[in-house]
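Worksheet for the structure shown next.
Labels below follow one simple rule: chain letters A, B, ... track the order of the sequence lines, proteins then strands, and each chain is numbered from 1.
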There are 2 protein chains.
Amino acid sequence: MSKPSPRGASIDDGATEFATRDERKQRTRASLLDAALKLMAEGRSFTSLGLREITREAGVVPTSFYRHFRDMDELGLALVDEGGATLRQLLREARKDVAPVNDIIRRSVRSYLQFLKARQMHFMFIAGERSGGSPVIRSAIRNQVNLFVLEMSQDLRRLNFLPNLSTATLQLLCGLVVNTMLNAASDILDMPQDEPALEQALVDNFVRQLRMIFLGAMNWKEPAPKA
Amino acid sequence: MSKPSPRGASIDDGATEFATRDERKQRTRASLLDAALKLMAEGRSFTSLGLREITREAGVVPTSFYRHFRDMDELGLALVDEGGATLRQLLREARKDVAPVNDIIRRSVRSYLQFLKARQMHFMFIAGERSGGSPVIRSAIRNQVNLFVLEMSQDLRRLNFLPNLSTATLQLLCGLVVNTMLNAASDILDMPQDEPALEQALVDNFVRQLRMIFLGAMNWKEPAPKA
DNA sequence: CTTTTCAGTAAACATGTGTTCACCGTTTAG
DNA sequence: CTAAACGGTGAACACATGTTTACTGAAAAG
């Protein structure tokens, strides 16, 4: 009659039995974070999540929450950190596919989509709470995204991509690309996932948008610095 | 002499006194909508708003809510309608400033900013709930935004702006512009409003992003239709 | 082996929630 | 002028919420 919790990872993995105390703690911490993400994936905003709701979903008693986070904001910030880590990982992944200068965009989009599917919830969280919800986590997300933009522009510079553009302009370009990326993310993740035709349409549109942006960047003329 | 009101010190507005019943109803309906917007402006997402909270802010008793909306979703959809109307009004406004083909972008941005300030909350709502929160209002917003993109592209066509671009490409361009607009909106509205220097930086960045996009559009080559 | 530490538990609390119901007083329609 | 329609009211309901307090039992430290 054991009704296991509906979470994906089953509770006793076998490994659970022989885990050190600290490992166990990190484990329930992670399941709290996962619970929050899962609830958001079902169409709720972060600010609408309740503490009890999360602990219920995570399979612990409400009071356990306080062993890990002072309040909901702290949990939200932890989620932002995870999201930031995901973004950085995406960037690290992208650094490998630098070889063919030919059809970069289409290639990059392909690996981005792959990454997007693998971390659906993180992207949903970032894209969703970037402009809505609690000011504190909103600004934390903005920081992470700005950092991402910065790193990306540095990568482009290092690759000698559009070498005649100033650093500021490269950052402008990357900001535009990242906005487009995140918009596309929430568009794509919102789709019924059994409609490959519609998804393909969205992806094609995404690719064309990027092409247009890069076309603009390639034809950009740096203004002479004002006297 | 006015006859003494039985409820004692009631503030008559003059206007309130001589309103027809239906006008009064629309008035409290509007104050419910405004209350919701105001609460969101204080840094909450729509899904986190409570029915009682809204009626409290609006100055009516909770049960009155049901005289206007079946539930919170219905109120949310009403807000989306208002937001859509705002967008359409922005477009109508923009149709007037078509004369100088010279520095269109800077001019358009200026009037956009003016509009943005005047309807802060609507834009905050649209930009904030576009990717987060309840699926039903999210998709409603998406509809309104798509409609806006469509109308805008038709306007550009009518103005013979970039006449060598196909309709699909014009829509692509407008989608990109609208995304950039909405992102800029939430960036700008988030700022402490007594920092004109930072705001100017954001606006400049916004203008440059648009320039880059339009540059891309101007250099766009329509692909030959595939055999 | 003993003692301390500490993640998770159980019960209780004050307060907030959405929704229902019968009711009132004015506006509207006949 | 009378009767109906109707926007707004107040009390009540069953239940959910965040947080506190004291407790448990196993892992870690001595």
Side-chain angles (χ1 to χ4, degrees), chain A residues 4-5 7 9 11-13 15-36 39 42 44-76 78 134 136, chain B residues 2-36 39 42 44-76 78 134 136:
Chain A
S5 88
R7 268 187 42 66
I11 290 298
D12 45 354
D13 250 344
T16 310
E17 197 67 44
F18 300 104
T20 167
R21 180 147 78 184
D22 215 69
E23 285 170 340
R24 280 171 184 262
K25 178 168 184 178
Q26 297 312 75
R27 208 167 297 209
T28 75
R29 188 187 128 105
S31 74
L32 285 171
L33 293 172
D34 287 356
L39 288 171
E42 298 177 358
R44 315 259 317 265
S45 61
F46 176 76
T47 34
S48 80
L49 297 183
L51 182 152
R52 287 182 107 105
E53 202 176 4
I54 289 181
T55 58
R56 197 181 309 131
E57 179 75 31
V60 286
V61 92
T63 35
S64 278
F65 183 92
Y66 298 103
R67 303 282 182 209
H68 303 272
F69 309 102
R70 193 185 311 282
D71 52 21
M72 285 290 297
D73 269 348
E74 205 168 292
L75 181 142
S134 138
V136 39
Chain B
S2 60
K3 67 173 181 186
S5 154
R7 294 194 58 79
S10 73
I11 300 171
D12 12 26
D13 243 337
T16 310
E17 194 68 44
F18 299 106
T20 168
R21 181 147 76 186
D22 214 69
E23 283 171 340
R24 280 173 186 260
K25 177 168 186 178
Q26 297 312 70
R27 208 169 296 208
T28 74
R29 189 188 128 106
S31 72
L32 285 172
L33 294 172
D34 287 356
L39 290 171
E42 296 177 0
R44 316 256 319 265
S45 60
F46 176 76
T47 33
S48 80
L49 297 183
L51 180 153
R52 289 181 105 105
E53 200 175 5
I54 289 180
T55 57
R56 199 181 308 132
E57 179 76 32
V60 286
V61 92
T63 33
S64 278
F65 183 93
Y66 298 103
R67 303 283 183 208
H68 302 271
F69 307 103
R70 192 184 314 279
D71 53 21
M72 285 290 297
D73 268 349
E74 205 169 293
L75 182 143
S134 137
V136 39

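Rounded to whole Å, atom P of dG7(D) lies 10 Å from atom CD of Gln26(B). Separating the CD atom of Glu57(A) from the C1' atom of dA16(D) is a distance of 16 Å, rounded to the nearest angstrom. Taking atom CG on Leu75(A) and atom P on dT19(D), their separation rounds to 13 Å, with Å as the unit. Between Arg21(A) atom CZ and dT4(C) atom P there is a gap of 15 Å when expressed in whole angstrom units. In this structure, the CZ atom of Phe65(B) is 13 Å from the C1' atom of dT17(C), given to the nearest Å. One can place CG of Leu51(B) at 16 Å from P of dG16(C), the figure rounded to the nearest angstrom. Distance, Asp71(B) CG to dG18(C) P: 11 Å, rounded to whole Å. One interatomic measurement links the two molecules: CG of Asp73(A) to P of dT19(D), which rounds to 11 Å at whole-angstrom precision.
A donor N or O paired with an acceptor N or O is not found under 3.5 Å between the base of dG7(D) and the side-chain atoms of Thr28(B). No donor-acceptor contact under 3.5 Å links the side chain of Arg24(B) to the base of dT27(C). The base of dT19(C) lies close enough to the side chain of Arg52(B) for a donor and an acceptor atom to sit less than 3.5 Å apart.
Between Arg56(B) and the phosphate of dT17(C), there is a side-chain N or O to OP1/OP2 separation shorter than 4.0 Å. Dashed line: the shortest gap from a side-chain N or O of Thr20(A) to OP1 or OP2 of dA28(D) is under 4.0 Å. Using a 4.0 Å cut-off, no side-chain N or O of Arg27(A) falls inside it from OP1 or OP2 of dA7(C).
Between Glu53(A) and Arg44(A) there is a salt bridge, since at least one side-chain N of the basic residue sits less than 4.0 Å from a carboxylate O of the acidic one.
Counting any heavy atom pair closer than 4.0 Å across all strands shown, Arg29(B) reaches no nucleic acid atom. The residue Tyr66(A) sits close to a base: some heavy atom pair falls under 4.0 Å.
Within the 4.5 Å cutoff, the side chain of Tyr66(A) has no heavy atoms near those of the Asp71(A) side chain. By the 4.5 Å heavy-atom criterion applied to side chains, Glu57(B) and Leu32(B) are not counted as neighbours.
Residues Ser134(A) and Thr47(A) have side chains that never bring a donor and an acceptor to within less than 3.5 angstrom of each other.
Of the candidate nucleotides dT17(D), dG8(D), dT20(D), dT20(D) has the atom nearest to the side chain of Thr63(A).
Not a single donor-acceptor pair under 3.5 Å links the side chain of Gln26(B) to the backbone N or O of Glu23(B).
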